[in-house]
Visitor: 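Right, I'll just put the structure down here and ask away after.
Each chain gets a letter, A, B and so on, in the order the sequences are listed, and its residues count up from 1. Please read these numbers as outputs of a predicted model, since none were measured by experiment.
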Amino acid sequence: MNRYNPLAIESKWQKIWEDSDAFKADDTSKKPKKFLAEMFPYPSGAGLHVGHVRNFTIVDVLARYYSQKGYNVLRPFGYDTFGLPAENYAIKTGVSPKVATDTNVKNFRNQLKKLGYAIDWSREINTSSPEYYKWTQWCFLELYKKGLAYQKESYQWWCPVDQTVLANEQVENGHCWRCGSEVEKKKMKQWFFKITAYADELLSDVDALDWPDKIKTMQKNWIGKSVGAEINFDNITVFTTRPDTIYGATFLVLAPEHPLIKDLVTDKTRKEVEEYCKNAIKKSEIERQENKEKTGVFTGSYATNPATKEKIPIWVADYVLMGYGTGAIMAVPAGDERDREFAEKFNLPIVEITKVPETPFGTPKTTYRMRDWLISRQRYWGCPIPIAYDSDGNPHPIPEDQLPVMIPEVEDFKPDNSGRSALAKATDWLKVTIDGEEMTRETDTLDGYACSSWYLWRYASPHCATAAWDEKAINYWEPLDIYCGGDHAVAHLLYVRFWCKFFADEGKLPFREPIMKLLYNGYINAPDGKKMSKSKGNVIDPLDVINDGYGADTLRTYEMFIGPYDQDAAWNPRSVGGVYRFLNRCWTLVFGDGAGANGSLAAQHGGYGRVLGAEPRNDGREDTGDVSEPSRKALLNKTVKKVTDDIERAAFNTAISSLMEYVNELYKVGASEEDLITLGKLLKPFAPHLASEMLEQLNADDTWPEYDEKYLVADTVEIIVQVNGKLRAKLNVPADDLKNQAKIEELALSDPNVQKFVPGKPKKIIYVERAKLLNLVA
RNA sequence: GCCCGAGUGGCGGAAUUGGUAUACGCGUUCGACUUAAAAUCGAAUGGUCUCUACCAUAUGGGUUCAAGUCCCAUCUCGGGCACCA
């Protein structure tokens, strides 16, 4: 007896797709293009998890849907391979990050193929391959040439025991993640990208994007535009958004890092102020957050309030941040809660604001919360910054013809105790000659987000050897039509917009926004509703689900059925079984005993399938295989419309539920060949292997079915009759009568149940043809 | 603290423009098939109640012929930001 055997069907089709390069995108096609991508993954040693599967399947459903619809689809794949896990693994085991990464990529690729994704494998990219990072370095130099990559002294986490720089995520509650000792801040020269140069445009262009409001709001808040004024209090400039409250300003507060403090202290206050500043600067942001209790010291100096002409004291406090505005504020305790708290603690005057200045004060000024993007990483496993220093310590770009600056092979991957990455251990590599001058290479590498800030453009021409991206390919494919991911709401999605605007200004991209539509998917949690984690032992391995016998089609369809794509969902093993049952029913319709082992149902039954009559019913009900042609057509067309509309609006869960309804109905009324072909086509984006098998058996292609409006209109319609908004009767009338309100009213009023609730003449009658509803007000 | 989002059966969820609340799936129950079980197929399944009636979409108000959907207030949960002047 035939049985649905997903694993056999899936390996068969995966081989066919692989052998035929089935998903290769055509760079010159005249068909309309669709370019879709997921946020490319960091290939961890653990392999794919169910969250990846959700993310990638959404893209796959859309990619397959659009190619079935006749679009020229580009659906590439890549790996974000630089990063700390590989480096830490290397430090621990001595295995080179390159070797470990290659293994992980290979594993990911095999797993992706087991899921049947419609990926154009000829476009695979990998950010740690020299042919890729050569162009990341080129991007850096473009920014450098325009002054948008620059160096600045900045504080960096430093572990005094390990003698090493730490990344933010390696600091846990102010302690080194490895040795547990308290970390310090160390002032070091660091590279930055001047993203703030684009703050205004990044903000104003957000609104027009077809992105979730949540992400748009987060980006806006992150950029954090404030319009205010700068006002001089003698030689101290403050920033305020409320210049109108200046009559209430009773003291000034400077950030501990403020450069003027040293000039303001007196012999009496110097020691105390210096001590305070030193401690405040050393404090981590976490500590500043934890301790909201106001602290501060008086500098000993006074400034003049330009409005009241009064002398007001100048204080230093760590609740004022050097990185925002001017690093100095006028404190208005009567108007600002923080200033009030500070004034109360230190007994400073609180003066009600009785007067508003007649003329606007100071210079209008706009500031942003967003800071420039710190890109220096003192790490080995990253893209080397293509810079060298001359004997005076001045930076020079590595000439373009010397790119890529390759990552040197080293034995020991630990950063050294000078705060430099392991690159500093490659002594030969460090030396470089530029224009005849011997120089020393930069040992910092780039933040991984730099590598992912341009990969979407590389996808258009991933093997282009003469440029980061080929102009023709960019013009054809870009910008990206649909991007899907569940992370990086601000960082990556802001950086890629920043680079896009920069390269557009350079004339290298013909658009100013890189991503037209964003689908931001939710997480998949463990069956207990908690986050999956190795330590909790509640991880569901997607490959286990496949190999348990459910197969990739069930896994994919289940993850699309689990709930709205943008909401978090908990894994439910029983529901996986339900989806498997559904696919099994689909299979049975075409291949089951009732369908006959050879040939389609239509061939066997001369038009109508089932299944019908092939097995006698044993449930005592009549076979309804002779259901009328119009109602059969109505069902089919209704389903095509529903599934099409649902995929378009990314409602994958309801698309699948309407396919389930369709199948349930076909079991009752029998399936025609057209029904089965339509089912196969509609099912293919979700369960491509099974659907391909069905369509092959039925001798059909996979073109997306069209629906015909005329079949959606049934010959009879059901009218809802309400009394005072409550359902009291349902009327079945010929469709033509929908226009005839008088007749419907008459029918409704003659219904005995309606008469019970409407004893006399109704006070008011509302008829809504669109909703097929009549409401009588009694 | 501020800014978003959400709250619907035993469970996941559906209801797209204010118009039949609970689609679809899980679970449960019953039936068919079977020596039996599994699988499969069919039926039932919000609550109260014998009466096809009343009550139910977090809570309390409101607007409307009509509210899960709109407005106001409250509670709970989730996410983001967190001394940004």
Visitor: In whole Å, measure the gap between the C1' atoms of B:A14 and B:C81 for me.
Guide: 34 Å
Visitor: Say we look at B:A23 and B:A43: how far apart would their P atoms be, to the nearest angstrom?
Guide: 15 Å
Visitor: Of the nucleotides B:A15, B:A85, B:C3, which one has an atom closest to the side chain of A:Asn221?
Guide: B:C3
Visitor: Base, sugar-phosphate alone, or nothing: which one does A:Ile765 contact when heavy atoms must sit under 4.0 Å apart?
Guide: nothing
Visitor: Using the side-chain heavy atoms of A:Lys756, tell me which of these nucleotides is nearest: B:A53, B:G13, B:C24.
Guide: B:A53
Visitor: Can you tell me how far P of B:U40 sits from CZ of A:Phe591, to the nearest Å?
Guide: 19 Å
Visitor: Measuring only the C1' atom in each nucleotide, how far is B:U28 from B:G78? A whole number of Å is fine.
Guide: 31 Å
Visitor: Considering only atom C1', compute the distance from B:U17 to B:A67 and round it to an integer number of Å.
Guide: 14 Å
Visitor: Using a 4.0 Å heavy-atom cut-off across all strands, classify A:Glu718 as base, sugar-phosphate, or nothing.
Guide: base
Visitor: Using a heavy-atom cut-off of 4.0 Å across all strands, would you classify A:Gln722 as base, sugar-phosphate, or nothing?
Guide: base
Visitor: Donor-acceptor pair, A:Thr299 side chain versus A:Ile314 backbone, under 3.5 Å?
Guide: yes
Visitor: Could you state the atom-to-atom distance from CG of A:Leu494 to P of B:G80 in whole Å?
Guide: 17 Å
Visitor: Taking pairing as Watson-Crick or G-U wobble with both contacts under 3.5 Å, can you name the mate of B:C81, or confirm there isn't one?
Guide: B:G1
Visitor: Of the options B:C81, B:C41, B:G19, whose atoms approach the side-chain atoms of A:Arg369 most closely?
Guide: B:C81
Visitor: For A:Asn653, answer base if it contacts any base atom (sugar-phosphate contacts may also be present), sugar-phosphate if it contacts only those atoms, and nothing otherwise; contact means non-hydrogen atoms under 4.0 Å.
Guide: sugar-phosphate
Visitor: Classify the nucleic acid contact of A:Val777 as base, sugar-phosphate or nothing, counting any heavy atom under 4.0 Å across all strands shown.
Guide: sugar-phosphate
Visitor: When the aromatic ring centroids of A:Tyr449 and A:Trp373 are compared, is their separation below 6.0 Å?
Guide: no
Visitor: Identify whether any heavy atom of A:Arg574 sits under 4.0 Å from a base atom; if not, whether one sits that close to sugar-phosphate; answer base, sugar-phosphate or nothing.
Guide: sugar-phosphate
Visitor: Over all strands shown, is A:Arg371 touching base, sugar-phosphate only, or nothing at heavy-atom distances under 4.0 angstrom?
Guide: base
Visitor: Any N or O donor-acceptor pair under 3.5 Å from the base of B:C83 to the side chain of A:Lys294?
Guide: yes
Visitor: Under 4.0 Å, heavy atoms only, any strand: does A:Phe342 hit a base, just the sugar-phosphate, or nothing?
Guide: nothing
Visitor: Is it the case that over 12 heavy atoms from other parts of the model lie below 6.0 angstrom from the NZ atom of A:Lys216?
Guide: yes
Visitor: If I pick the C1' atom on B:G60 and the same atom on B:G12, what distance separates them, to the nearest angstrom?
Guide: 29 Å
Visitor: Counting the benzene-type ring for Trp, do A:Phe342 and A:Phe251 have ring centres under 6.0 Å apart?
Guide: yes
Visitor: In the strands shown, is B:U35 matched to any nucleotide by a Watson-Crick or G-U wobble pair with both distances under 3.5 Å, and which?
Guide: none
Visitor: Both distances under 3.5 Å, Watson-Crick or G-U wobble: report the partner of B:C30, or none.
Guide: B:G42
Visitor: Select base, sugar-phosphate, or nothing to describe what A:Asp339 touches, counting heavy atoms under 4.0 Å on all strands.
Guide: nothing
Visitor: Roughly how many Å is it from CZ in A:Phe652 to C1' in B:A14, rounded to a whole number?
Guide: 17 Å
Visitor: When both hydrogen-bonding distances must be under 3.5 Å and the geometry is Watson-Crick or G-U wobble, what is B:C70 paired with, if anything?
Guide: B:G62
Visitor: What is the distance, to the nearest angstrom, from the CZ atom on A:Arg728 to the C1' atom on B:C54?
Guide: 9 Å
Visitor: How far, in whole Å, is B:U57 from B:G47 if one measures between their C1' atoms?
Guide: 14 Å
Visitor: To the side chain of A:Lys642, which of B:U20, B:C24, B:U16 is closest?
Guide: B:U16
Visitor: Under 4.0 angstrom, heavy atoms only, what part of the nucleic acid is A:Gly578 near: base, sugar-phosphate, or nothing?
Guide: sugar-phosphate
Visitor: Does A:Lys730 contact B:U20 through a side-chain donor or acceptor facing the base, at a distance under 3.5 Å?
Guide: yes
Visitor: With a 6.0 Å cut-off on the ring centroids, do A:Tyr580 and A:Tyr4 count as close?
Guide: yes
Visitor: Side-chain N or O of A:Arg770 versus OP1/OP2 of B:G18: is the shortest distance under 4.0 Å?
Guide: no
Visitor: Please pick, from B:C41, B:U16, B:C65, the nucleotide with the shortest atom-to-atom distance to any side-chain atom of A:Arg649.
Guide: B:U16
Visitor: Write down the distance separating the P atoms in B:U29 and B:A37, rounded off to the nearest Å.
Guide: 14 Å
Visitor: Considering only B:C26, B:A85, B:A23, which nucleotide approaches the side chain of A:Asn572 most closely?
Guide: B:C26
Visitor: Please check the phosphate of B:C24 (OP1 and OP2 only) for any side-chain N or O of A:Arg581 closer than 4.0 Å.
Guide: no
Visitor: Report the distance from atom OH of A:Tyr523 to atom C1' of B:G5, rounded to the nearest whole Å.
Guide: 15 Å
Visitor: Does A:Tyr368 reach a base, just sugar-phosphate, or nothing at all? Heavy atoms under 4.0 Å.
Guide: nothing
Visitor: Figure out the CG/C1' separation between A:Leu774 and B:U20, and round it to whole Å.
Guide: 13 Å
Visitor: Hey, is A:Glu293 close enough to A:Lys345 for a salt bridge, meaning N to O under 4.0 Å?
Guide: yes
Visitor: Given B:A23, B:C41, B:U17, identify the nucleotide with an atom nearest to the side chain of A:Tyr667.
Guide: B:C41
Visitor: What is the nucleic acid contact for A:Asp645, judged by heavy atoms within less than 4.0 Å: base, sugar-phosphate only, or nothing?
Guide: nothing
Visitor: Counting heavy atoms from C-beta on, name the nucleotide in B:C24, B:A85, B:C54 closest to the side chain of A:Phe239.
Guide: B:A85
Visitor: Do the side chains of A:Asp646 and A:Lys642 get close enough for a salt bridge, i.e. N-O under 4.0 angstrom?
Guide: yes
